[in-house]
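Here's the structure we're looking at; comments come further down.
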Amino acid sequence: YFCNELAKLGNFQITGLDISKSFVEIARKNAAKAGLKIDFREGNASAMPFEDKTFDFTFCQAAFKNFSEPVKAIAQMYRVLRPGGLSVIADLRRDAPAEEIDREVNGMRLGRVNQFLVRWTFNQMLLKSAYSVDEMEKMVSQTPFGNCKITSNGVGFQVVLGK
C-alpha cells in the first residue's frame with residue numbers, strides 16, 4: 001500500500017519487494033487496478049535481487065521484526081542505495097511502554113473482545129519478535145552504515161540510515 005500511495009504523489013520509479021509470492025501478486029493487482037506503474041518483485045530482504053547502487057530511497061514498514069537475518073537485511077539496504085541515499089525502517093519496538101500500547105489499542109475504537117485480542121497479540125506475539133532501540137543500534141553498527149538516527153514514537157520507532 002505504501003508503494004501505491006507514493007506512486008500517486010508523483011512521477012517516481014517505484015519497486016516493491018516481498019518474500020511472499022501471494023503478497024506480490026496482490027500488490028500487482030492493486031497497483032494495476034489503480035492504474036499505477038510499480039515493479040513488484042518477490043525476494044528476500046537479506047539477499048535483495050537488485051544491482052548495487054540502484055535506489056535513492058528504501059523503506060521498510062512493519063516487517064523488519066519478521067526478518068530471519070536482520071543484520072544482512074540492513075547491509076543489503078546499504079548495498080542497493082546510491083551515494084547520498086536514505087533508508088528508513090519503521091516498526092514496532094519491543095520496549096514500547098504499556099501506556100502507549102493502551103493508547104494505540106484505544107485509538108482503534110474496537111469492541112471489548114477485539115481490544116482484548118489486539119492487546120494479547122501485541123504482548124504475546126508482536127512485541128516478542130520486535131527489537132528495542134538498543135538492539136537496532138547494535139545491528140546497524142555491524143553494517144556499512146555504522147550508525148543511525150532512531151526516533152521513538154508511541155509503540156514504534158523510525159530508524160533513519162544515510163549513505
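- At least one donor-acceptor pair closer than 3.5 Å links the side chain of Asn106 to the backbone N or O of Asp102.
- Note on Val88 and Met77: separate hydrophobic clusters, where clusters join Ile, Leu, Val, Met, Phe, Trp and Tyr whose side-chain heavy atoms are under 4.5 Å apart, directly or indirectly.
- Residue-environment remark: CE (Met125) stays at or below the threshold of 12 foreign heavy atoms within 6.0 Å.
- Between the OG1 atom in Thr58 and the CD1 atom in Ile89 there is a gap of 7.5 Å [rounded to 0.5 Å].
- Other residues, nucleotides and ligands place no more than 12 heavy atoms under 6.0 Å from the CZ atom of Phe116.
- Between the side chain of Asp56 and the backbone N or O of Gly85 there is no donor-acceptor pair closer than 3.5 Å.
- Proximity of Phe122 to Val105: side-chain heavy atoms (C-beta onward) are separated by under 4.5 Å at one or more points.
- Counting non-hydrogen atoms of neighbouring residues, nucleotides and ligands closer than 6.0 angstrom, the NZ atom of Lys72 reaches no more than 12 such neighbours.
- Atom OG of Ser129 and atom CG of Leu92 lie 7.5 Å apart (nearest 0.5 Å).
- At most 12 non-hydrogen atoms from other residues, nucleotides or ligands lie less than 6.0 angstrom from CD of Gln13.
- Counting heavy atoms from C-beta on, the side chains of Val118 and Leu110 come closer than 4.5 Å.
- The backbone N or O of Ser132 sits less than 3.5 Å from a side-chain atom of Glu135, completing a donor-acceptor pair.
- Rounding to the nearest 0.5 angstrom, the gap separating the CG atom in Asn11 from the NZ atom in Lys37 is 9.0 Å.
- Side-chain contact between Leu126 and Thr121 is present, with heavy atoms from C-beta onward closer than 4.5 Å.
- The minimum heavy-atom distance between Glu42 and Leu17, with the atom names listed, is C-CD1, 3.9 Å.
- Atom CD1 of Ile19 and atom OG of Ser46 lie 7.0 Å apart (nearest 0.5 Å).
- Although no hydrogens or angles enter the test, the distance criterion places a donor-acceptor pair under 3.5 Å between the side chain of Arg82 and the main chain of Thr54.
- Across all non-hydrogen atoms, the minimal contact from Phe64 to Cys60 is N-SG, 3.7 Å.
- Side-chain atoms of Arg79 come within 3.5 Å of backbone atoms of Phe50 as a donor-acceptor pair (strictly under, hydrogens ignored).
- Applying the 6.0 Å contact sphere to CD of Glu99 captures more than 12 heavy atoms from other residues, nucleotides or ligands.
- Of all heavy-atom pairs between Leu81 and Ser87, the closest is CD1-OG, 3.3 Å.
- In this structure, the side chain of Lys163 engages the main chain of Tyr78 through a donor-acceptor pair within 3.5 Å.
- When all heavy atoms of Ala27 and Phe40 are compared, the closest pair comes out as O-CE1, 3.4 Å.
- The shortest distance between side-chain heavy atoms of Leu6 and Phe59 does not fall below 4.5 Å.
- Judged by distance alone, with hydrogens and angles left aside, the side-chain atoms of Asp18 form no donor-acceptor pair with the main-chain N or O of Phe23 at under 3.5 Å.
- Applying the side-chain contact (heavy atoms from CB on, under 4.5 Å) rule to Lys8 yields the partners Glu5, Leu36; only residues at least two apart in sequence or on another chain are considered.
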Distance-only donor-acceptor hits, side chain of residues 143-157, under 3.5 Å, sequence neighbours excluded:
| from | atom 1 | to | atom 2 | distance (Å) |
| --- | --- | --- | --- | --- |
| Thr143 | OG1 | Val140 | O | 2.7 |
| Thr143 | OG1 | Phe145 | N | 3.3 |

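- Once rounded to the nearest 0.5 Å, the distance linking CD of Glu104 with CZ of Arg119 reads 11.0 Å.
- Contact check for Tyr131 versus Met139: side-chain heavy atoms found under the 4.5 Å cut-off.
- Atom SG of Cys3 sits about 9.5 Å away from atom CG of Asp39, to the nearest 0.5 Å.
- Side-chain atoms of Gln76 come within 3.5 Å of backbone N or O of Met48 as a donor-acceptor pair.
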Inset, instruction - Could you check Asn30 against Tyr1 for side-chain contact (heavy atoms from CB on, under 4.5 Å), going step by step and ending with a plain yes or no? - result: CA-CA 8 Å; Asn30 287 340; Tyr1 293 103; 3.7 Å; yes
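- Between Ile38 and Gly16, the closest heavy-atom pair is CG2-N, 4.4 Å.
- Across all their heavy atoms, Arg41 and Pro49 have their closest contact at NH1-O, 3.5 Å.
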